[in-house]
Amino acid sequence: MARELALDYAGTLRRARELGYTHFGFPLGAQSPRHDAPRDPVEVAELCRHAGLAVGTVRLAYAPDYGRQMQLARSLGARIVAQSAADVFFTGPTPGETTRAAFEDWMLRLETMAQAARDEGVRLAYHNHDWDHVPLDGKTPLELIAEDFAPGEVDFEIDIGWAAVAGVDPVALVRDLGPRVLSLHLKDVDRSCLANDCRRFVAPGEGDLSYSELMPQIRELSHAIGYVEVDDPVDGLQSAARAAQTLRPSLAAR
């Protein structure tokens, strides 16, 4: 709902609450050097509370001041801080590809993030994309993280749409990671989208994933909170409403 938030941040948050949403996640800073700085997270947290929404999973900025960011997250009331991606997938010659050596080197930074999270009493979660399911000399990035870090040091935010694009069964993924799944990104996939200008990711209920079957299975396995995330929707509030309509039955059944 980026466009809607830019026009009326407070009103859009109120509308999300009216649709039945309970949490709102937001970034603590710019997500890359190419992105503009987002709205002040302290202000966003206050707007959330005025709208009746809890501060959800917040996202680390690309800046390496992890101690300050974890302290800020805790002060806002966030319990989970997500690392959106490993930047080694963007700094090599081919976007979305890296080597095992480069990824293992990047995990040294992930260790620094994890220590900062422990110091502030918040949980760190790594967010998956399709490339995180591609083996690097025999093991996927998610497997390398799960093996190198203990539960509670680095856990996971599982994006259902990206897992499906990678050909991974989201239910099996959540089952394998168990309680290390702290949050979920819920998006649907339009597999007919082949052109560069079409929208591959759509709201739950608008694509090819059967959320009516998927969510009850996931809810049997995990209490992770789910966040609807749709990349560049035509109408953000309309997508949020459609997703709420699709997901409400499985959430009410809990």
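The figures that follow rest on heavy atoms only: side chains count, while hydrogens, waters and symmetry mates do not. In this chain, numbering begins with 1 at the start of the sequence shown. Quick caveat, the model's predicted, so the values are computed rather than measured.
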**OP:** Would you please name every residue forming a side chain to side chain contact (heavy atoms under 4.5 Å, CB included) with A2, sequence neighbours left out?
**Re:** none
**OP:** With sequence neighbours excluded, give me every salt bridge (Lys or Arg N to Asp or Glu O under 4.0 Å) pair touching residues 161-183.
**Re:** D155-R180
Subject >> Distance (rounded to the nearest 0.5 Å) between F103 CZ and L108 CG >> reply: 11.0 Å
**OP:** Measure the acute angle between the ring planes of H129 and W162, then classify it against the limits of 30° and 60° as parallel, tilted or perpendicular.
**Re:** tilted
Original post:
Got a second to check how far Q31's CD is from L60's CG, nearest 0.5 Å?
Top reply: 8.0 Å
Original post:
Looking at residues at least two apart in the chain, or sitting in another chain, which of them share a ring pair (Phe, Tyr, Trp, His ring centres under 6.0 Å) with Y9?
Top reply: none
Original post:
Going by the salt bridge (Lys or Arg N to Asp or Glu O under 4.0 Å) test, which pairs reach into residues 143-153, not counting sequence neighbours?
Top reply: R118-E153, K139-E147
Subject >> With sequence neighbours excluded, residues passing side chain to side chain contact (heavy atoms under 4.5 Å, CB included) with E46 >> reply: R49, H50
Subject >> Partners passing ring pair (Phe, Tyr, Trp, His ring centres under 6.0 Å) against H133 (at least two apart in sequence or in another chain) >> reply: none
Subject >> Which residues share a side-chain hydrogen bond (donor to acceptor under 3.5 Å, both in side chains) with T246, sequence neighbours left out >> reply: none
**OP:** Only counting residues at least two apart or in another chain, list the ones meeting side-chain hydrogen bond (donor to acceptor under 3.5 Å, both in side chains) with T98.
**Re:** none
Subject >> Of all pairs that satisfy salt bridge (Lys or Arg N to Asp or Glu O under 4.0 Å), the ones with a partner from residues 73-96, not counting sequence neighbours >> reply: R74-E120, D87-R109
**OP:** Would you please name every residue forming a side chain to side chain contact (heavy atoms under 4.5 Å, CB included) with D231, sequence neighbours left out?
**Re:** K187, F201, E229
Subject >> Set of residues satisfying ring pair (Phe, Tyr, Trp, His ring centres under 6.0 Å) with respect to Y126, sequence neighbours excluded >> reply: W106
Original post:
What salt bridge (Lys or Arg N to Asp or Glu O under 4.0 Å) pairs are there with at least one residue in residues 9-31, not counting sequence neighbours?
Top reply: R15-E18
